[in-house]
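We use all heavy atoms of the structure for the numbers below, so side chains are in, but hydrogens, waters and symmetry mates are not.
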Amino acid sequence: MILGKKRKKKGQSEHTKKPVQPIPLTPDTAEGLKEQFRKFKEKFGRPPAPDDPIFFDPAADEPRPMIDEVIDQHMLEAMDKDTTHPAIIHAYQTTGRLVTKKNWKNLTKAQLKEWTDAIDEWHRTHAE
């Protein structure tokens with residue numbers, strides 16, 4: 001141990017010193033991340049460093065995050081390609097979040113109400 005310097009334990013976040021929880025990825029998500037790593041290496045000639053954005057601005061000469069509008073456009077294109085129900089797309093555009101069976105428990109009551117209100121709004125204004 002180096003005197004005067006605290007070492008972080010394996011599995012701890014560098015910033016909070018709290019245990020890091022692994023996030024399970026679906027095969028499609030894992031494949032998408034591998035593709036982003038490949039694109040990063042192709043663009044910048046090296047693998048991404050820990051502080052580099054995985055979803056980067058492809059027009060930039062140095063790694064920097066995509067702007068929110070570009071991310072939203074990619075998300076909407078993916079939803080359209082995946083034939084996501086228009087009510088879900090409307091709720092995403094209205095609230096800025098995508099609610100799933102796995103993450104709805106992490107929302108506040110107000111956030112969940114905002115989401116369901118957006119879904120209800122779409123159904124009120126569109127006859128199916």
Side-chain angles (χ1 to χ4, degrees):
M1 182 169 149
I2 300 172
L3 293 177
K5 188 172 182 179
K6 249 183 148 177
R7 294 175 62 192
K8 78 178 187 87
K9 294 178 185 172
K10 185 177 180 181
Q12 281 186 334
S13 165
E14 184 66 34
H15 300 291
T16 63
K17 305 293 188 235
K18 292 182 181 178
V20 175
Q21 297 295 321
I23 299 171
L25 301 177
T26 65
D28 287 342
T29 302
E31 190 58 39
L33 287 174
K34 286 180 189 176
E35 178 66 12
Q36 280 303 118
F37 284 4
R38 185 194 63 71
K39 288 178 181 179
F40 187 99
K41 189 172 183 178
E42 184 178 287
K43 171 73 178 173
F44 301 110
R46 62 174 177 80
D51 291 337
D52 286 330
I54 301 304
F55 297 96
F56 58 90
D57 180 350
D61 292 333
E62 293 184 12
R64 70 174 183 212
M66 274 191 212
I67 57 173
D68 290 343
E69 291 81 12
V70 174
I71 293 171
D72 282 344
Q73 186 59 40
H74 286 293
M75 183 68 124
L76 292 170
E77 288 170 7
M79 287 179 181
D80 185 53
K81 182 179 177 184
D82 193 37
T83 63
T84 301
H85 193 282
I88 302 292
I89 295 172
H90 173 74
Y92 169 77
Q93 290 177 303
T94 302
T95 66
R97 69 181 59 88
L98 188 58
V99 177
T100 67
K101 289 179 184 179
K102 289 187 176 185
N103 74 3
W104 72 270
K105 294 175 188 176
N106 300 327
L107 300 177
T108 66
K109 287 181 182 180
Q111 291 169 328
L112 193 55
K113 181 175 179 351
E114 182 184 30
W115 174 263
T116 56
D117 286 351
I119 297 284
D120 292 344
E121 176 185 47
W122 187 91
H123 285 289
R124 275 194 313 276
T125 58
H126 295 82
E128 284 192 85

* If the plane angle is over 60° it's perpendicular, under 30° parallel, otherwise tilted; pick one for H85 and W122. => perpendicular
* **Interatomic distance, L112 atom CG to D117 atom CG [nearest 0.5 angstrom]** => 9.5 Å
* So how far is it from T95 OG1 to H90 NE2, rounded to the nearest 0.5 Å? -> 9.0 Å
* Could you pull out the closest heavy-atom pair between P63 and R46, with the gap in Å? => CG-NH2, 3.5 Å
* **W115 to A91 - nearest heavy-atom pair and separation** => CZ3-CB, 3.4 Å
* To do: List for me each residue that meets ring-ring contact (aromatic ring centres under 6.0 Å, His included) alongside F37, sequence neighbours excluded, and say none if there are none.
  => none
* To do: Take E31 and K34 through the side-chain contact (heavy atoms from CB on, under 4.5 Å) test and state the conclusion after the steps.
  => CA-CA 5 Å; E31 190 58 39; K34 286 180 189 176; 4.2 Å; yes
* Asked: Can you get from I88 to L76 by hopping between Ile, Leu, Val, Met, Phe, Trp and Tyr side chains that sit under 4.5 Å apart?
  -> yes
* To do: Might you confirm whether atom NZ of K43 has over 12 heavy atoms from other residues, nucleotides or ligands at distances under 6.0 Å?
  => yes
Which side-chain N or O atoms in residues 97-107 pair as donor and acceptor under 3.5 Å with protein atoms at least two apart or in another chain?
unit_1	atom_1	unit_2	atom_2	d
R97	NH1	E114	OE1	2.8
T100	OG1	K102	N	3.3
T100	OG1	N103	N	3.1
T100	OG1	N103	OD1	3.3
N103	OD1	T100	N	2.7
N103	ND2	L98	O	2.9
W104	NE1	K101	O	3.3

* Structure fact -> Here the gap from I54 atom CD1 to E35 atom CD, rounded to the nearest 0.5 Å, amounts to 12.5 Å
* Euclidean distance, E62 CD relative to D52 CG, rounded to 0.5 Å -> 10.0 Å
* **Nearest non-hydrogen partners of P53 and R64, listed with the distance** => CG-C, 3.5 Å
* Asked: What closest approach, in Å, do I119 and A87 show between heavy atoms, and which atom pair accounts for it?
  -> CD1-O, 3.4 Å
Distance-only check: which donor-acceptor pairs under 3.5 Å involve side-chain atoms of residues 65-74, not counting sequence neighbours?
unit_1	atom_1	unit_2	atom_2	d
D72	OD1	Y92	OH	2.6
Q73	NE2	E77	OE2	3.2

